[in-house]
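In what follows, residues are counted from 1 in the order of the sequence shown.
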Amino acid sequence: MSDFLVSKETVGETSVSYSTQAVGIEVQKVSAVETLDLTQLLIKCITEMLGMFIFIFLSLGGVQSALKTNANELSVNPTLAFIEIAMCFGFGLSAAIFFSYRISGGALNPAVNFGLFVAGVMDPITLAAYTIAQMAGASIACGIVSVVFPGDFKGANQIFAGTSVAQAFFLELILTAGLVLIVLFLAVEKSKITFYAPMVIGTYVFIAHLLAIPYTNTSINPARSFGASIASGIWNDHWLFWVAPLLGASLSGALYRFYKFAEYHTLNPGQDADH
């Protein structure tokens, strides 16, 4: 920065007068950069909120629709309803990431934020700002779903009968760890297959819901759990849907650091080469 200023301001001025002027310009430039960063962060947060709204509205709207259209079969065979719900979550997330990833990165999940923070690729201010934005987007979406769709709001995360707290905890932890690991190595680490990230992440979320809906309604996203609890008033074991995903995300963030330290790209080289 200083070298650039010297080349632009030294003509016709003494070195003393230049130094005074250069300091002033430098301060102005830093101030402008700080303002720009705050503006960019605000835009990114708005995008995370909108992306979260899209994801949750499609997903929990899908819950309402699937439960209504399969009402007569739920007690006998709920499989079709579960598949419909899982598809809404998977494809809904993919659509929301496609919208947001070129603007904010498309994190759309406080657990993902935390995993990126532990991995060293997200700063604490962005972590906090994104989390607040995502909680707001999820809460607004759940509120609108509860009004727009007839019947009681469904889809709050809870531990269902026959599932212990420990089982629910480790189910959410493991599924979230897998999700964050995919985000880190497919979206954060750039390669020739990075453009597949939204669909692969959505596919993983689809599978995770097929696995966990009968036991916890599948969270793997604390903001989704928070919004659904606000809309439904169900707060039973709500802590689990924060602690387990965040712990799972932190494990993936630590594993990412290990692979980076081990220079994983040298272990199986040439994967992005033109063949």
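Counting only heavy atoms from C-beta outward, the side chains of Phe153 and Ser232 approach each other to under 4.5 Å. In this structure, the side chains of Phe169 and Trp239 come closer than 4.5 Å at one or more pairs of heavy atoms. For the pair Thr216 and Glu172, the minimum side-chain heavy-atom distance is below 4.5 Å. You'll find the side chain of Gln158 stays beyond 4.5 Å of the side chain of Asp237, heavy atoms only. With contacts defined as side-chain heavy-atom distances shorter than 4.5 Å, the pair Ile97/Met199 does not qualify. Using a 4.5 Å heavy-atom cutoff, the side chains of Leu247 and Ser250 are in contact. The closest side-chain heavy-atom distance from Pro222 to Asn109 is below 4.5 Å. Within the 4.5 Å cutoff, the side chain of Lys260 has no heavy atoms near those of the Leu255 side chain.
The two atoms that bring Ile159 and Ser164 nearest to each other are CG2-O, 4.2 Å, heavy atoms only. Shown here for Ser252 and Leu184, the closest heavy-atom pair between the two residues is O-CD1, 3.7 Å. Closest approach of Ile85 to Ala66, counting heavy atoms only: CG1-CB, 3.7 Å. In plain terms, the two heavy atoms of Gly62 and Cys88 that are nearest each other are CA-SG, 3.6 Å. Looking at every heavy atom in both residues, Leu175 comes nearest to Ala212 through CD1-CB, 3.8 Å. Between Ile213 and Ala86, the shortest heavy-atom contact is CD1-N, 4.3 Å.
Using modelled atom types, one finds a donor on one side chain and an acceptor on the other under 3.5 Å when comparing Thr79 with Asn77. For the residue pair Thr47 and Ser100, no side-chain donor N or O sits within less than 3.5 Å of a side-chain acceptor on the partner. Under 3.5 Å, the side chains of Thr131 and Gln134 contain no donor-acceptor pair of N or O atoms. Side-chain atoms of Arg224 and Asn157 include a donor-acceptor pair closer than 3.5 Å. Side-chain contact, His209 with Thr218: no donor N or O sits under 3.5 Å from an acceptor N or O.
Taking CG of Asn221 as the reference point, atom OG1 of Thr176 lies at 8.5 Å (rounded to 0.5 Å). To the nearest 0.5 angstrom, Glu48 atom CD is 10.0 Å from Ile103 atom CD1. Taking CD1 of Ile125 as the reference point, atom CZ of Phe117 lies at 11.0 Å (rounded to 0.5 Å). With rounding to the nearest 0.5 Å, the separation of OG in Ser139 from CD1 in Ile230 is 3.5 Å. One distance of note links OH of Tyr101 with CD1 of Ile201; it measures 10.5 Å at 0.5 Å rounding. To the nearest 0.5 angstrom, Met87 atom CE is 6.0 Å from Phe206 atom CZ.
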Item to complete: List the steps and the verdict of side chain to side chain contact (heavy atoms under 4.5 Å, CB included) for Gln271 and Ser191.
Response: CA-CA 9 Å; Gln271 295 308 302; Ser191 68; over 6 Å; no
Discussion item. The test is side chain to side chain contact (heavy atoms under 4.5 Å, CB included); show your working for Tyr264 and Phe258 and say whether it passes.
Written reply: CA-CA 9 Å; Tyr264 77 90; Phe258 166 76; over 6 Å; no
Worksheet item: Given the rule in the side chain to side chain contact (heavy atoms under 4.5 Å, CB included) test, do Phe149 and Lys68 qualify, once you have shown the distances and angles that lead to the verdict?
Response: CA-CA 10 Å; Phe149 290 85; Lys68 178 177 177 61; over 6 Å; no
Item to complete: Might you work through the side chain to side chain contact (heavy atoms under 4.5 Å, CB included) test for Trp242 and Phe226, ending with a clear yes or no?
Response: CA-CA 9 Å; Trp242 282 87; Phe226 179 78; 4.2 Å; yes
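Proximity of a side-chain donor or acceptor of Tyr130 to a complementary backbone N or O of Ser104 within less than 3.5 Å is detected. The closest donor-acceptor contact from the side chain of Ser146 to the backbone of Gly143 lies under 3.5 Å.
Connection of Phe99 to Phe91 is not established within any shared hydrophobic cluster, with ILVMFWY side chains joined at heavy-atom distances below 4.5 Å, either directly or through further cluster members. Ile234 and Phe160 fall into different hydrophobic clusters, defined by Ile, Leu, Val, Met, Phe, Trp and Tyr side-chain heavy atoms under 4.5 Å apart, directly or through other members. Under a hydrophobic-cluster definition in which Ile, Leu, Val, Met, Phe, Trp and Tyr are linked whenever side-chain heavy atoms come within less than 4.5 Å, directly or via other members, Leu179 and Tyr196 are assigned to the same cluster. No continuous path of ILVMFWY side-chain contacts below 4.5 Å connects Leu60 to Ile54, so the two sit in separate hydrophobic clusters. Neither Leu173 nor Ile220 shares a network with the other; the hydrophobic side chains, linked directly or stepwise wherever heavy atoms of I, L, V, M, F, W or Y lie under 4.5 Å apart, form separate groups for each.
Aromatic pair Tyr256/Phe185: ring centres closer than 6.0 Å.
Counting non-hydrogen atoms of other residues, nucleotides and ligands closer than 6.0 Å to OH of Tyr215 gives a total of 12 or fewer. More than 12 non-hydrogen atoms from other residues, nucleotides or ligands lie less than 6.0 angstrom from CG of Leu211. Under a cut-off of 6.0 angstrom, the local environment of OH in Tyr259 is sparse, with at most 12 non-hydrogen atoms contributed by other residues, nucleotides or ligands.
The aromatic rings of Phe53 and Phe57 sit parallel, their planes meeting at an angle under 30°, below the 60° perpendicular limit.
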